[in-house]
Amino acid sequence: GEDCSNKLVYMTAVGTMNNCLGGASLYVSIDELRSWQYVGSLFSQLGQNFTYYASCLPPPDQRDRGDNIPPGSKGYGGHCDQFGKDCRMWECPDFFETNTPGIQAFKYSDQARERFQFAQDFYVLSESQLTNYSLAGLQDGQDAYSGMMDGNFYPATPVDYGVVYASKSFQAADKRRLWLGWVFEDSLGCTELCADGTPFIREVLQWQGAQTLMREITYNADTETLRFYPIAETRKLRLGAPLYDGHFLLHTHGETASPVTQLLLPEEHTYDDASEQQITRSGGAGDHAAGDSMGGADSPVLGPSHPGSLDRSPSGRRQVEVLLNFTLQAEEGELRVQDMDQLHPFEFALEMLTGNGTHTRIKVNGTASVPGGPANRECGDVRPAPHLLGGERWSCVHTAAVWVDREHSGGFSKDSTQGGPIKLPAAGVKGTDLSLDVWVDRSLLEVYAFDGSSVVTSRIYPLPVVEERPSSVQTPKHSAEAGSPGHVQMGAWGYQVSAKWGPGHVKVKAEVHELGSCWIEGDRD
């Protein structure tokens, strides 16, 4: 900006703990970045809840921090503990205009020992006209940024349900708001941000941490939330023709105890005691195949029947992009009156088959209504063109959540589940072309549900056999994958999809693309 004398004024926000509250302190420079002066608060925890000040500020006899607890240790400063439940220090603040005029976003990173995800990034939205920089300059404790939408406090919303921290956004030349986050390690033995590493990380992985794909941030007016989705340029990483490109129908009609499954690409195994490649096609426990190909020649399974399948996947399908779309079809002629008056559970999933019985399940579940019911009419109970859904009316999704289930991921993977709710419009969304997109980069998974409405970044470590493992690296007790010599070694990971939906069938469109490295020499068109 400019001051009254038309001199350039630079402003920046720095993550702080001020009076025991997490915040972003505002600094200005009027001498071309040679010096900076503190002028107040851009945004803080008070902007989310005014009661925090009374609960976070310690009693006078504790303000000298004379409690003999070392700085940085749990309990230091009483309620001023920066890793506490309520009062925390913020890091890596980010403040920007969204792609919708009049809507601003503030993002911060914080840490809390009581929270399942110790380190996490959050954002808060506000109407632009409520931002008032003079409030910061008054030094009266008020924030310049309001954190309010439609007259209400905007709740702190996770940027990502997974292992992403310290993210930052910037504006591209074409005005897109682009975002990049740091992914920390999350293997067995890791605590908090795994800053000290583990023997496995130091001696087997021999690297620590990574960056996410570059994501574009857009504002969704229907839910008043932000969407995060990989930039279009990511498609330039695709190598050649798809490994799989087809569509099929999963016959889920009726109450089934197990999901109905369709194999996309099989696992390919090699054995220590065999010279030629062995092939195993496997699914999750209790799953059963009941899918009909609807694509004929357009739905190839490129596996062992195609000798060049591994040549087409230099990474052994460990570096792929999986794009899935699910449509909940209702068997309209068989629906009962009681079916129309209630919400029905649904689930659809991608399962990664990573060898020796290990697998990671990535799923979306929730509830949906069927055509003819009162809840469905609010969603838009209209009859589409026959070529879209065979003349059926829409089902409507009313609640949804996305999860990465690592219980059977094996190796040095943790067995916890990551994820959370997907915010939907109050009337729900039509149950057609519901997206679940996954980018796999060996140990790193990026999961985008409903076009990036919710995101989970996760880590899995289903290691193959290591013949000479360092003595300091202990074999996980729960893992067959990290077993003794003679176990199967993976040639390629496999992928399959599954679904559960009692009132009808699930139509699936699937693509799997091999991805190359982002490190290139010269320009790529």
N/O donor-acceptor pair under 3.5 Å between [X] side chain and [Y] backbone:
| X | Y | answer |
| --- | --- | --- |
| D433 | N325 | no |
| Y145 | V124 | yes |
| W403 | I362 | no |
| T399 | T367 | yes |
| E514 | V320 | no |
| D110 | R88 | no |
| S409 | S413 | no |

* Would you please test R238 and E321 for salt bridge (charged side-chain N to carboxylate O under 4.0 Å, His left out) and show each step? => CA-CA 8 Å; R238 295 176 181 174; E321 171 190 15; 2.8 Å; yes
* Can S416 and R406 be said to form a side-chain hydrogen bond (donor to acceptor under 3.5 Å, both in side chains), step by step? -> CA-CA 6 Å; S416 58; R406 302 182 292 178; 2.6 Å; yes
* To do: Would you mind telling me which of T261, L263, L350 makes a side chain to side chain contact (heavy atoms under 4.5 Å, CB included) with S498?
  =>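 Answer to the side chain to side chain contact (heavy atoms under 4.5 Å, CB included) test with S498 among T261, L263, L350: T261.
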* **Candidates Q120, E91, Q117 - the one meeting side chain to side chain contact (heavy atoms under 4.5 Å, CB included) with Y165** =>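 Considering Q120, E91, Q117, a side chain to side chain contact (heavy atoms under 4.5 Å, CB included) with Y165 is found only for E91.
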Is the shortest side-chain N to carboxylate O distance from [X] to [Y] below 4.0 Å?
| X | Y | result |
| --- | --- | --- |
| D160 | R215 | yes |
| D405 | K363 | no |
| K414 | E407 | no |
| R361 | E347 | yes |

* Ring geometry between F248 and Y244 (parallel below 30°, tilted from 30 to 60°, perpendicular above 60°) ->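 Answer is perpendicular, since the angle exceeds 60°.
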* Asked: Should the pair F106 and W90 be assigned to parallel (<30°), tilted (30 to 60°) or perpendicular (>60°) ring geometry?
  ->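 Ring orientation, 0 to 90° scale: tilted.
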* To do: Mind checking the CZ-OG spacing from F43 to S146? Nearest 0.5 Å is all I need.
  =>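 Answer rounded to 0.5 Å: 7.5 Å.
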* Structure fact -> So NZ of K423 and CZ of R227: to nearest 0.5 Å the spacing works out to 12.5 Å
* Test ring-ring contact (aromatic ring centres under 6.0 Å, His included) applied to W493 and Y495, step by step -> CA-CA 7 Å; W493 287 357; Y495 296 87; 7.3 Å; no
* **Test item: side-chain donor near acceptor, T225 and N220, under 3.5 Å** => no
